[in-house]
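Protein chains get the first letters and strands the later ones, always in sequence-line order, with residue 1 at the start of each. Here the structure is a predicted model, which means the values were calculated and not measured. We use all heavy atoms of the structure for the numbers below, so side chains are in, but hydrogens, waters and symmetry mates are not.
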There are 2 protein chains.
Amino acid sequence: MSTAPRSRRARPAKPALTREGIVTAAVAILRAEGLRKVTMRRLAQELDTGPASLYVYVRNTDELHAAVLDELLGTVAPAPAEGDWRERLEKVLTAYTAMLLQHPSLARSALTAWPSGPNYLRLIETLLDLLRSGGVPREQAAWGVDLLLQHATATAAEHAGGDSQGDRQALTRALREAPADTHPHIAASADALLSGTPEARLSWAFQALINGIEHTAVPH
Amino acid sequence: MSTAPRSRRARPAKPALTREGIVTAAVAILRAEGLRKVTMRRLAQELDTGPASLYVYVRNTDELHAAVLDELLGTVAPAPAEGDWRERLEKVLTAYTAMLLQHPSLARSALTAWPSGPNYLRLIETLLDLLRSGGVPREQAAWGVDLLLQHATATAAEHAGGDSQGDRQALTRALREAPADTHPHIAASADALLSGTPEARLSWAFQALINGIEHTAVPH
DNA sequence: ACCTGAACACCGTTCAAGT
DNA sequence: ACCTGAACACCGTTCAAGT
């Protein structure tokens, strides 16, 4: 009984391939299994076709990943309307970073495959707006946006990949065990080098970046 | 005559596998063919053995890449003895970035697989020394080192991978074509967003980071 | 124009078996 | 303990052939 077909086909008709459908399927695989599984072959399997078919709509794997990021960028909370411009700036950047931290491997690929979709432009516009409202000169604000977005992306990307926990632990040990005669500063600063929650360090980093952008003139 | 063996074997005796020998061979492949070819299989072929043999000395591919970076770190010029602490700081950081820029894919993997070898520790010690000599408080200097190294690594990593040129071009177009009514700041700042040589931007970024580190207190 | 099967040229990692 | 062949379970991308 359970195997009796309800129509001529047991499954819904295979939908036509579109770029949008491909990206949607890619996002679904990302959420369920991570970016490592968002491969041409796995995606083709999901869409009930062969990998070669996807190349009509997507140039290569990198472009596919960039499209996926653009899609997720639409879910990032916009800047809060209330508060000091610095606070608001930090909030947007934190929200962007938090989204990337849910998919660190995507952040890693975003560092290389630059997004250029509507959602990314909207984010740039927001950051420029906030910096300008804080009185930051136009050139500094423009170069500063790059710095802020790069920091957010790189911070998330650091959490990608296999054994980053293990590597971090190795560095922690190396810092704690550095002999004071050859590495006096490390020995004196070991605690400070390793202190702070990730949230506290991210917040401090954004504040330092904002202060630096404010106080550093662009050449010429 | 040319094919006559000079001893029982035509080739020198196969050297015993060591971790050091593996890393050396990996560096050679990196220089000749790029990180993409530094794979377990390719490396095994180079060392005239099977890929499984390498797993006695190296946990996995990520660890191999980290060891390669540590090796290259030894070639980075030390800090100049002369000059203002800011200038000296910028020089070391620029030298480190330049090395990574010769192997951007290695920078990409360094963002995830943290180095912890002697050369990396030496670099951290140098950066701490310079920041402290500029009067930066210990905690700020410690957190700042992270920020500076991350920026250098991420900047180099951005140049890794396939079609980053193409992606960059797409972003350039998107910024230039952003309509002024929906994206007034981008429209007004398009030139500034795209101005400056990579060198000028890197130099500005390091200065902004240093200024930010100087002017931003660590919480608590 | 779009879609496909099949092929080319690779991967990382594990494991049982050897020395 | 160290080393290995062979296997498992995958990859991206291209191309000639079909519809």
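- Counting non-hydrogen atoms of neighbouring residues, nucleotides and ligands closer than 6.0 angstrom, the CD atom of A/Glu20 reaches no more than 12 such neighbours.
- Note on B/Arg176 versus B/Asp191: salt bridge recorded, some NZ/NE/NH1/NH2 to OD/OE distance being below 4.0 Å.
- Between B/Tyr57 and D/dC2, a side-chain N or O to OP1/OP2 separation shorter than 4.0 Å is absent.
- With a 3.5 Å limit on both pairing distances and Watson-Crick or G-U wobble geometry required, the stems of 3 or more pairs in DNA chain C span C:4-8 with D:12-16, C:12-16 with D:4-8.
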Q) Yes or no on salt bridge (charged side-chain N to carboxylate O under 4.0 Å, His left out) for A/Lys37 and A/Glu46, after CA distance, side-chain angles and deciding distance? A) CA-CA 11 Å; A/Lys37 298 284 184 168; A/Glu46 202 72 18; over 6 Å; no
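- Panel note: side chain A/Thr97, backbone A/Leu93; a donor-acceptor pair is recorded below 3.5 Å.
- With P as the reference atom, C/dA9 and D/dC8 are 23 Å apart, rounded to whole Å.
- Classification of A/Glu158 and A/Arg108 as a salt-bridged pair fails, no side-chain N sitting under 4.0 Å from a carboxylate O.
- For the pair A/Tyr57 and A/Glu63, the tightest heavy-atom approach, listed with the atom from each and the gap, is O-OE2, 4.3 Å.
- Between B/Thr155 and A/Gln150, the side chains place a donor N or O and an acceptor N or O closer than 3.5 Å (distance only, hydrogens not considered).
- Taking a 6.0 Å sphere around CD of A/Glu33, one finds it holds more than 12 heavy atoms contributed by other residues, nucleotides or ligands.
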Q) Reading nucleotides 5-15 of chain D from the 5' end, what letters show protein touch, with B for base, S for backbone sugar-phosphate only, - for no heavy atom under 4.0 Å? A) B-B---BBBBB
